[in-house]
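Lettering follows sequence order; numbering is per chain, from 1.
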Number of protein chains: 4
Amino acid sequence: MPEERRGELLATAAEVFAAQGYNATTVRQIADAAGMLAGSLYYHFDSKESMVDEILTAFLDELWAGYDAVLEAGLGPRETIEALVTESFREIDRHRAAVAIYQKEARHLADRHPRFGYLADARLRFAGAWLGTLERGVADGTFRADLDIRLAYRFLRDTVWVAASWYRPGARHGPEEIARQYLSMVLDGIALRD
Amino acid sequence: MPEERRGELLATAAEVFAAQGYNATTVRQIADAAGMLAGSLYYHFDSKESMVDEILTAFLDELWAGYDAVLEAGLGPRETIEALVTESFREIDRHRAAVAIYQKEARHLADRHPRFGYLADARLRFAGAWLGTLERGVADGTFRADLDIRLAYRFLRDTVWVAASWYRPGARHGPEEIARQYLSMVLDGIALRD
Amino acid sequence: MPEERRGELLATAAEVFAAQGYNATTVRQIADAAGMLAGSLYYHFDSKESMVDEILTAFLDELWAGYDAVLEAGLGPRETIEALVTESFREIDRHRAAVAIYQKEARHLADRHPRFGYLADARLRFAGAWLGTLERGVADGTFRADLDIRLAYRFLRDTVWVAASWYRPGARHGPEEIARQYLSMVLDGIALRD
Amino acid sequence: MPEERRGELLATAAEVFAAQGYNATTVRQIADAAGMLAGSLYYHFDSKESMVDEILTAFLDELWAGYDAVLEAGLGPRETIEALVTESFREIDRHRAAVAIYQKEARHLADRHPRFGYLADARLRFAGAWLGTLERGVADGTFRADLDIRLAYRFLRDTVWVAASWYRPGARHGPEEIARQYLSMVLDGIALRD
DNA sequence: TATGAATGAGTCTTCATTCAT
DNA sequence: AATGAATGAAGACTCATTCAT
């Protein structure tokens, strides 16, 4: 199965990229981690760039599949937010490295090469999904009306994805449990209610 | 005043580092932005590394001054959190570039050179300050007891600092206003209370 | 004079390119010949490609200056051919390396990068100049009408430029003398007239 | 017939070498053109070098067979020149790619590896054949005595072989017709006789 | 016979850094 | 204080070649 080998190599590469940053990672480091010589990677991939590219598109494709399912389910605003957050943590659980790379490098990559234009697109689609849901929720009284909605969006977005920088799969809490706690804080606050 | 020139150059360097990432920034880009040739920077600084070093220590020194003032003021847990968050946003307002660099590069730099050991120390001191306050707050009933306190800590920490990645000084809301809104979300949640 | 240094380096590069072929020449060989390290060349030039580019454009610019002067002088066909051939040999004398490079690499370079499109243009302009003169000459009875004119054009063109592959400046015969002999063969043939 | 396959592969390789130059041609390009993978070529040939080697020796062997027949036929100088030129164009017709490779790469290859010493030898044998005939012709009054004989030799040699760079087999004029026109120009000139 | 995967040497290029002026 | 020119180490990538299957 030639696809398997590619997949393994990409997983290895993603791990190294996530740990050291895309720029700071040398092709040789990836090759070392994969147990081959640097040049040999070019039998499988066109370039270092193609590697991140594949890693990121694979992740985003899966992510959008999950998000779209949620968005098309016809849930109320609160349930939609809950489902999106949970889905996000599941994605972090499965693609931790890819998420970390996305967080650290997306802007940089999108700025540099038109090839990564889809990263800018993804950003917009994100904004649409979250902002839309927040607006719906404010309109129907689910969410507080006194908050700057764009601020709340950034708050939610960052809050979720930054978790990729410290999350380790297989830890005590699974993604669903972490999602539950995050949601509890985000929705109801950390202060004790009177 | 030779110190002024240094300061200007560091500010320029910080801006470029923040925009492109430390590794991706070339000494030549900094020199260009400063209107001189790459080699000329070495009259002022030992190395590219010294530049980030100075940028980060200057920022952290100021930050700790602010934090220490808050922590020694003898405030209650909720007021302490509020003051720390507000102080943080003020720091982001004044040192946006340095904060962004800290966010993106701290781990990487600390891993690579013992010279940057103070970054790891800072991380610990942060954790101490926030975690301690949270624990106090749980103990005295200010904060909810049903939350994972380490998760809450990360939540707060990330929530605040990630703002450096999108905050632009001089925008509509000043740092105090943004702090207020953040605190409102963090403390009371985004869901409407019944 | 910074321009002088560039010029020397280009002359060195041209010599190596001409001797070994563009592709077979390594940047290191050029640097060795110039008494510096490979990387140092990049202070002066963007790339190996820019080097050939500058070498070829400088040569073609000078060549066209000479050709244009001839073509605008209002000479008869035979005198025009004589002047063009003489001018060509003078150019070979002054830019032997550049001419050799042009001969060996022009097609290859023009095919590969749009940047070298001007090489294809030059080919067309050449054809125009020589073919036009030949046609005029056939029309007014200067040249034999029984020859395939495109064949005669290639014959003239190649005959002249290939000389760059063996010509050594400073040899017994100067360019004018060689031109005279070439013209004698081309115009009147090598067979003894009855 | 294993020999047939070899021959096909060599013809393919020759075509690619001629189009792109020996150095610029990758083994993979040859393999692509032959419908196989790069590694598979090594079942048939020792190395890329062996491929050019076989291509050039096959061509030179045939060429010398033709030349020797002419040179041993006891013809007069003019007839010998005519026969050599005609034979050369026939060779170009049959081995266009090989001739083009010989033209572009012979010097380079001969300089680099002793293995290609025969290319330098061929050069000398050529010179002997053509120069000898020219000298005989000058001596017996067939050719003009006022020409530099070495120049005339280069003129003839280049004139003929450069044709390989533009000749396309199967074009309007066959090799014999092109030879006739070339000879007409070379022997009698392009200027109209009074 | 041919494939797929890998090797290893070498190429162009980048870049932090140095230093005489 | 700053320039211009260079160094040297490292990095991404290419490619002829090998070899087990």
Side-chain angles (χ1 to χ4, degrees), chain A residues 1-6 8-9 22-31 34-52, chain B residues 2 5-6 9 22-31 34-52, chain C residues 1-6 8-9 22-31 34-51, chain D residues 2 5-6 9 22-32 34-52:
Chain A
M1 321 272 146
E3 279 315 300
E4 268 181 48
R5 190 78 179 106
R6 275 181 79 82
E8 283 169 29
L9 291 173
Y22 173 71
N23 270 298
T25 298
T26 72
V27 167
R28 195 170 168 268
Q29 286 171 328
I30 300 172
M36 50 169 56
L37 293 181
S40 308
L41 282 174
Y42 290 81
Y43 178 78
H44 301 277
F45 305 98
D46 281 347
S47 62
K48 187 180 160 186
E49 220 175 75
S50 316
M51 293 186 224
V52 228
Chain B
R5 190 80 179 104
R6 275 182 81 82
L9 291 173
Y22 173 71
N23 269 297
T25 297
T26 72
V27 168
R28 197 170 168 260
Q29 286 171 328
I30 299 171
M36 51 170 55
L37 292 180
S40 309
L41 281 174
Y42 287 80
Y43 178 81
H44 301 277
F45 304 99
D46 283 351
S47 64
K48 186 180 165 186
E49 223 174 70
S50 311
M51 292 186 229
V52 231
Chain C
M1 320 274 146
E3 280 313 302
E4 269 181 45
R5 190 80 180 103
R6 275 181 80 83
E8 283 168 31
L9 291 173
Y22 173 71
N23 270 298
T25 298
T26 72
V27 166
R28 196 170 168 267
Q29 287 171 328
I30 299 172
M36 51 170 54
L37 293 179
S40 308
L41 281 173
Y42 289 80
Y43 178 77
H44 301 277
F45 305 98
D46 281 349
S47 62
K48 186 179 163 188
E49 220 175 75
S50 316
M51 293 186 225
Chain D
R5 190 78 180 107
R6 274 182 80 82
L9 290 173
Y22 174 71
N23 269 297
T25 297
T26 71
V27 168
R28 196 169 169 260
Q29 287 171 327
I30 299 171
D32 281 353
M36 52 170 55
L37 292 180
S40 309
L41 281 173
Y42 288 79
Y43 178 83
H44 301 276
F45 304 99
D46 282 350
S47 65
K48 187 180 163 187
E49 223 173 72
S50 312
M51 293 186 227
V52 228

(request) Measure the distance from CD on D:E49 to P on F:dC15 and round it to the nearest whole Å. (result) 17 Å
(request) Measure from CG on A:L37 to C1' on F:dA16 and round the result to the nearest Å. (result) 15 Å
(request) Please state how far atom OH in B:Y22 lies from atom P in E:dA16, giving the value in whole angstrom units. (result) 8 Å
(request) Hey, which sits more toward the 5' end of DNA chain F by its nearest nucleotide, C:A38 or A:V27? (result) C:A38
(request) Have a look at B:T25 and say if it touches a base, only the backbone sugar-phosphate, or nothing, with a 4.0 Å heavy-atom cut-off. (result) sugar-phosphate
(message) So if I take every side-chain heavy atom of D:S40 and compare against E:dC12, E:dT18, E:dT3, which nucleotide ends up nearest?
(response) E:dT3
(message) Between B:R28 and C:K48, which residue's closest nucleotide on DNA chain E lies nearer the 5′ terminus?
(response) C:K48
(request) Would you indicate, yes or no, if F:dG4 has its OP1 or OP2 atom less than 4.0 angstrom from a side-chain nitrogen or oxygen of C:R5? (result) no
(message) Please pick, from F:dA6, F:dT18, E:dA2, the nucleotide with the shortest atom-to-atom distance to any side-chain atom of C:Y43.
(response) F:dA6
(message) Without decimals, in angstroms, what is the distance between A:F45 CZ and F:dT14 C1'?
(response) 17 Å
(request) Among F:dA2, E:dT17, E:dG4, find the nucleotide with the atom closest to the side chain of B:H44. (result) F:dA2
(request) Answer with base, sugar-phosphate or nothing: what part of the nucleic acid does B:T26 contact at a heavy-atom distance below 4.0 Å? (result) sugar-phosphate
(request) Calculate the interatomic distance between B:L41 atom CG and F:dG4 atom P; express it in whole Å. (result) 14 Å
(request) Look at the side-chain N and O atoms of D:R6 and state whether any lies under 4.0 Å from the OP1 or OP2 oxygen of E:dT1. (result) no
(request) Report yes if the side chains of C:E49 and C:Y22 come closer than 4.5 Å at any heavy-atom pair, otherwise no. (result) yes
(message) Need the pair for F:dA20. Rule: Watson-Crick or G-U wobble, both distances under 3.5 Å, any strand; none if unpaired.
(response) E:dT3
(request) Look through every strand shown and name the nucleotide pairing with E:dA9 as Watson-Crick or G-U wobble, where both distances are under 3.5 Å. (result) F:dT14
(request) In whole angstrom, give the distance that lies between atom CG of D:D32 and atom P of E:dT3. (result) 11 Å
(message) Looking at every non-hydrogen atom in both residues, tell me the closest pair between C:A24 and C:Q29 and how far apart they are.
(response) O-OE1, 3.6 Å
(message) For a 4.5 angstrom cut-off between non-hydrogen side-chain atoms, does D:R5 reach D:L9?
(response) yes
(request) Work out which heavy atom in D:T25 is nearest to a heavy atom in D:K48; give both atom names and the distance. (result) O-NZ, 2.8 Å
(message) So, OP1 or OP2 of E:dT18: does either fall under 4.0 Å of a side-chain N or O from B:Y42?
(response) no
(message) On a heavy-atom basis, which atom in C:H44 and which in C:M36 lie closest, and how many Å separate them?
(response) NE2-CE, 4.3 Å
(message) If I take atom CE in residue D:M51 and atom P in nucleotide F:dC15, what distance separates them, rounded to the nearest angstrom?
(response) 15 Å
